[in-house]
Amino acid sequence: MISNKIEKAINEQINAEMWSAYLYLSMANHFENEGRKGFANWFRVQFQEEQAHALALMDFLNARGGRVVLSPIEEVPTSWESPKDAFLATQAHETKVTSLIHNLYAMAEAEQDFATRQKLNTFVAEQVEEEDTVRDIIDDLTLVGDDGTGLLQIDRELGARTFVQPVL
Ligand code: MG
């Protein structure tokens, strides 16, 4: 069985992952509307990844005999000044998610919930990857600045991203 405290914290994390999914889906639609199909594709895949994070936590909570409680998902922004603006917002958000995961990890450790702590190892690693990927894209966007050809090139690259089910 899982403690009420950890159960509540995992439910909060599920909500945070669902909010992330909603945020990236909003970005995908924003870029679709702007005619930047590659950026739209990248964020749509990102949306799928966040859903996978939430589902993995739900599966884990159920496997531990806990109860999944889905709370309302807060409203998300709907427009961004530029692709770089959206990626800076993504970076800020992922940094926040990383600290949420770390807090949850610390709680699992304090509660001696070793199963939760072990499950979270994959999430800790996943966050390192998320932040690294986003940093690389921001670097590229900084390099091209307002250059249309450069932005088109990045749009094409991001258009090639496909969803790969993360192993969590
Ligand atoms: Mg996530």
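Order of listing sets the numbers, starting from 1, for every ligand and every atom in it.
In summary, Glu50 places an N/O/S atom under 2.8 Å from the Mg ion (ligand 1), meeting the contact criterion. One of the N, O or S atoms belonging to Glu17 lies under 2.8 Å away from the Mg ion (ligand 1).
Salt bridge status for Glu32 with Lys37: present, with a side-chain N to carboxylate O gap under 4.0 Å.
Restricting His53 to its N/O/S atoms, the shortest distance to the Mg ion (ligand 1) is reached by ND1.
Using modelled atom types, one finds no donor on one side chain facing an acceptor on the other under 3.5 Å when comparing Gln127 with Glu131.
Ring pair Phe163/Phe47: centre-to-centre distance not below 6.0 Å.
Nearest heavy atoms, Leu61 versus Arg67: CD2-O, 3.7 Å.
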